[in-house]
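Remarks on the structure that follows.
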Amino acid sequence: MPLYLNVSFSEKDEAKSLGARWDAQAKKWFVPDGVEPSPFTKWLPQVAVQQVMVAPVYLRTSVERCWKCGENSHVYCLGASSINDVEYDDDDEPYIYSVDNDNSLVDLCDLNEVDHRLFIVLKERAPKYRPDYSSTKNSRCWMNHCEYCDAKLGDFYLHGEPGGAFFPLTDNESTITEILLFQSGEFTFSGGYSLKGTL
């Protein structure tokens, strides 16, 4: 899964000399698999609104039946103990507020960007959860893909529909497991979140 970069036209030769490649379909430069990403730090996507997930951060896994092939596929999302989100007042001044989910995790969904540290971990541990083009949003965003046929599995059905993979109706119905990714720290993201299955 490539790491996409924000490279200006004037810097394209520099990025290319470091090993970046051009994705003609996405019209973006990217760091290919196997290339060390640290030299590309200045071109990493910056989150426009500083939404922050607060550790501990988990990789949450569940199972969802694929709409296309009918197989039960593993699906993924990030969960954090809380997030700091940003709203704007009437004067367009930002203010930050904290969101938590009582004793449960806040699930991150409908993501546009994630912190580079999380990108690397997701690439390794959840390769079927990756950025792809969404015709609904008319842009690239993070989404799950069926592990059997690679069909796109949208976040709304996983997080917002009762009985969805991350919105079980009962504890007995839940197939959610969690792996701790980071015990401490703060991680920027751009996107949405779900509290108890409500988008």
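Just the heavy atoms: all of them, side chains too, but no hydrogens, waters or symmetry mates, feed the values below.
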Where does the angle between the aromatic ring planes of F182 and F187 fall among parallel (under 30°), tilted (30 to 60°) and perpendicular (over 60°)?
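Because their plane-to-plane angle lies in the 30° to 60° range, the rings of F182 and F187 count as tilted.
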
In terms of relative ring orientation, are F119 and H116 parallel, tilted or perpendicular, with 30° and 60° separating the classes?
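Parallel, since the angle between the ring planes stays under 30°.
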
Kindly indicate whether a cation-pi arrangement holds for R140 with Y4, taking the cut-offs as under 6.0 Å to the six-membered ring centre and within 45° of the axis.
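Relative to the ring axis of Y4, which defines the angle, R140 lies inside both limits.
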
Which pair of non-hydrogen atoms, one from [X] and one from [Y], has the smallest distance, and what is that distance?
X	Y	answer
G79	R60	CA-CD, 3.9 Å
E147	K128	CA-CE, 4.0 Å
S82	V106	CA-CG2, 4.3 Å
E186	D115	O-OD2, 4.5 Å
N112	C141	OD1-CB, 4.1 Å

Any side-chain heavy-atom pair of [X] and [Y] under 4.5 Å:
X	Y	answer
N144	D155	yes
L122	L78	yes
C146	K68	no
L195	V99	yes
F40	V7	no
V121	L118	no

Heavy-atom count around R65 CZ within 6.0 Å, excluding the residue itself: above 12?
no

Should the heavy atoms of other residues, nucleotides or ligands under 6.0 Å from NZ of K137 be counted, would the total exceed 12?
yes

I'd like to know whether Y133 forms a side-chain hydrogen bond (donor to acceptor under 3.5 Å, both in side chains) with N138, so could you lay out the CA-CA distance, the side-chain angles of the two residues, the decisive distance to 0.1 Å, and finally the verdict.
CA-CA 7 Å; Y133 179 78; N138 195 27; 2.4 Å; yes

Just by distance, do the side chain of T175 and the backbone of V63 share a donor-acceptor pair under 3.5 Å?
yes

Looking only at atom types and distance, does a side-chain atom of W67 sit under 3.5 Å from a main-chain N or O of K152, one as donor and one as acceptor?
yes

Give the C-alpha distance, both sets of side-chain angles, the deciding distance and a yes or no for side-chain hydrogen bond (donor to acceptor under 3.5 Å, both in side chains) between S38 and E36.
CA-CA 6 Å; S38 56; E36 171 59 40; 3.1 Å; yes

Quick check for you: to the nearest 0.5 Å, what is the distance between C69 atom SG and Y148 atom OH?
8.0 Å

